[in-house]
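For the numbers below, each heavy atom of this structure counts, side chains included, while hydrogens, waters and symmetry mates do not.
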Amino acid sequence: MKRTSQVKKNGTESRFDKKVDRREFLKNTGKWGLAATLLGTGLLQVPPARAAKSLKGSGEVIVCGWGGSFQDAQREIYFKPFTKETGIRVIDTTIPSSSKVKAQIDSGNVEWDTAHLGIISTLQLGEKYLEKIDYSYFRDEDYKGIYEDLRKPLICGTYFFPNVIAFNTKKYPKGNQPNSWADFIDFKRFPGKRMFYTSSGGGFFELEAALSGMGVPRDKFFPPDMKKAWEFYNRLKPHCLKWWIEGAVPIQGLQNGEVDIAMAYSARVQKLIDEGQPFGFTWNGGVVGDIGWSVLKGAKNPTNAMKLIAFCSRPELQAKLADEFPYMPANVDALKYIKPQTKQKMPTEDETKNSLFFPNWDWHAAKTLDPAGQKTNREYIAEEFQAWLLK
């Protein structure tokens, strides 16, 4: 798949401007298809082998994740085994965001040791708010297995997740189901209440989804026509029951009948489908995000946080989590352990990958919208969104 961005840096193309011949690339690398596409070349620069520091320890580590059944699964697959192996107790809480990280550190009251954040958040927070990851705790094979573009100084990636259009199959039976963001705001063909992801509290303004819903071709997304993006939101607003940030919320809304269609994380919807519940989703227009572990500046237990991150990067554990929630692991070696039936639920086929949208992090991190040039585009839109909600 080819993906382009209009954002330039110092007169040169950014890494999001690279055009990749996916078939040739996958033939040469044999790596994880979607992640490789997302990460440009995605080639691993393998460092020399080295021995990892011991993970044994004592005390505790406080983790902030995204809650719901996904965090329940992490507790069983990651946290409890980590405690058993290392002697370090894990206390988990919710919900992370860059604004909460800033508030804790600026106030001198750091409550978390490590949090699940996106790469764009770590670029904005920087070393003022985040500690450098100590990769010396990683087993050599685990370190090599993590995609280089996810092995950053301030974050170690864990998985990719598509936000998709989910729906109630009883209300929308086969042959009459929403299949695009244009359908998402077509309330005559698909009547009913909606839920949609919010840019409040550290979330994102879903620019790619909004532009697609207004008929903008993907090769014309950037520079974005913000009037069209806001028009999508204006159409949606009267029908949107809730703007969510916690992944469990749209799932609960679908299950209890509050809403009929929602933007939701694909793996959470897939779990409902596997349980025989009357829900479905389309990959078409799914917006792919990334999540990783970061350690807060001034954390009370930074060493224990580093040890936990190393433990959670093991491919066999990431595979177990993928079997529960079929997101795409950051460790390519997890493919060796993932069940064949799980792989069928992941967006790795050609037609699926070609229908997904990948956020342009360069644009979100740029400062082109703010007349004063002080706020990033992400921050600027978040403030506009808050004001818009109150209108």
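- Side chain of N168 to main chain of F279: no donor-acceptor pair is present (N/O by atom type, distance under 3.5 Å, no hydrogens or angles).
- The shortest side-chain heavy-atom distance between L236 and F187 falls under the 4.5 Å cut-off.
- A salt bridge is defined here as a Lys NZ or Arg NE, NH1 or NH2 lying under 4.0 Å from an Asp or Glu carboxylate O, and D370 with K367 fails to meet this definition.
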List the steps and the verdict of side chain to side chain donor-acceptor pair (under 3.5 Å) for Q71 and D92. CA-CA 9 Å; Q71 192 150 322; D92 62 282; 2.9 Å; yes
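- Under a 3.5 Å cut-off, the side chain of D186 and the backbone N or O of F190 do not form any donor-acceptor pair.
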Could you walk me through whether K128 and K297 pass side chain to side chain contact (heavy atoms under 4.5 Å, CB included), step by step? CA-CA 7 Å; K128 178 181 178 181; K297 200 79 167 182; over 6 Å; no
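- Taking the centre of each ring, Y159 and F70 come in below the 6.0 Å mark.
- At distances below 3.5 Å, at least one donor-acceptor pair connects side-chain atoms of T86 with backbone N or O atoms of F82.
- The closest donor-acceptor contact from the side chain of S212 to the backbone of E208 lies at 3.5 Å or more, if one exists at all.
- Of the possible donor and acceptor atoms, one in the side chain of S294 sits under 3.5 Å from a partner among the backbone N and O of L154.
- We find the CZ-NE2 distance between R194 and H239 to be 7.5 Å, quoted to the nearest 0.5 Å.
- Ring geometry, F222 versus W363: the interplanar angle falls from 30° to 60°, so the pair is classed tilted.
- If you look at W230 and F205, their ring centroids are closer than 6.0 Å.
- The pair D134-K53 meets the salt-bridge criterion, since a charged nitrogen lies less than 4.0 angstrom from a carboxylate oxygen.
- Remark: side-chain polar atoms of W293 are not paired, donor with acceptor, to backbone N or O of S313 under 3.5 angstrom.
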Is there a side chain to side chain donor-acceptor pair (under 3.5 Å) between T158 and Q318? Walk through the geometry before answering. CA-CA 8 Å; T158 55; Q318 291 197 359; over 6 Å; no
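- With sequence neighbours excluded, the residues forming a side chain to side chain donor-acceptor pair (under 3.5 Å) with K345 are D274, listed by chain and number.
- Contact of the L211 side chain with the F232 side chain is not registered, since no non-hydrogen atoms from C-beta on lie closer than 4.5 Å.
- We find the CG-CE distance between N301 and M306 to be 11.5 Å, quoted to the nearest 0.5 Å.
- A salt bridge is defined here as a Lys NZ or Arg NE, NH1 or NH2 lying under 4.0 Å from an Asp or Glu carboxylate O, and R189 with D183 meets this definition.
- Side chains of Q277 and Q255 form a contact here, defined as non-hydrogen atoms less than 4.5 Å apart.
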Dump the intermediate steps for side chain to side chain contact (heavy atoms under 4.5 Å, CB included) on I381 and L369, then the final yes or no. CA-CA 8 Å; I381 293 179; L369 294 181; 3.6 Å; yes
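- Looking only at distances, a side-chain donor or acceptor of K307 sits under 3.5 Å from a matching main-chain atom of K56.
- Between D290 and W361, the side chains place a donor N or O and an acceptor N or O closer than 3.5 Å (distance only, hydrogens not considered).
- At a threshold of 4.0 Å, the pair R139-E316 counts as salt-bridged, since one of the basic side-chain nitrogens sits closer than that to a carboxylate oxygen.
- Each salt bridge (charged side-chain N to carboxylate O under 4.0 Å, His left out) pair with one or both residues in residues 94-110, not counting sequence neighbours, appears once here: K102-E379.
- Looking only at atom types and distance, the side chain of R89 has no donor-acceptor partner in the side chain of S58 under 3.5 Å away.
- For F385 and F204, the gap between ring centers reaches or exceeds 6.0 Å.
- Side chains of T342 and D323: a donor on one and an acceptor on the other come within 3.5 Å.
- With rounding to the nearest 0.5 angstrom, the NZ atom of K170 is 13.0 Å from the CG atom of D260.
- In this structure, T169 contributes its side chain and P278 its backbone to a donor-acceptor pair below 3.5 Å.
- Q177 places no side-chain N or O within donor-acceptor distance of the main-chain N or O of F167, the cut-off being under 3.5 Å.
- Counting heavy atoms from C-beta on, the side chains of F184 and I261 come closer than 4.5 Å.
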Starting from the C-alpha separation in whole Å, work towards a yes-or-no answer on side chain to side chain donor-acceptor pair (under 3.5 Å) for N284 and T282. CA-CA 5 Å; N284 191 41; T282 176; 5.1 Å; no
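- Here the side chains of H116 and V63 are not in contact, with every heavy-atom distance at 4.5 Å or above.
- Judged by distance alone, with hydrogens and angles left aside, the side-chain atoms of K300 form no donor-acceptor pair with the main-chain N or O of V61 at under 3.5 Å.
- I62 and F79 fall into different hydrophobic clusters, where Ile, Leu, Val, Met, Phe, Trp and Tyr are joined by side-chain heavy atoms under 4.5 Å apart, directly or via other members.
- Using the six-membered ring where Trp is involved, W243 and Y233 have ring planes that are parallel, under 30° apart on the 30 and 60° scheme.
- Classification of K320 and E324 as a salt-bridged pair fails, no side-chain N sitting under 4.0 Å from a carboxylate O.
- Atom CD1 of I133 and atom CD1 of I309 lie 4.0 Å apart (nearest 0.5 Å).
- Scanning all heavy atoms of the two residues, the minimum distance from K193 to V259 falls at O-CB, 3.6 Å.
- Both the sub-6.0 Å distance and the 45° axial angle are not jointly satisfied by R151 relative to the ring of Y135.
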Output, in order, the C-alpha distance, side-chain angles, deciding distance and verdict of salt bridge (charged side-chain N to carboxylate O under 4.0 Å, His left out) for K220 and D225. CA-CA 9 Å; K220 302 295 184 183; D225 184 335; over 6 Å; no
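- Rounded to the nearest 0.5 Å, atoms OH (Y78) and CG (L321) are 4.5 Å apart.
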What do the steps show when you test I88 against T83 for side chain to side chain contact (heavy atoms under 4.5 Å, CB included), and what is the final call? CA-CA 5 Å; I88 300 168; T83 298; 5.8 Å; no
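- Under the 6.0 Å distance and 45° angle rule, K271 counts as a cation-pi partner of F325.
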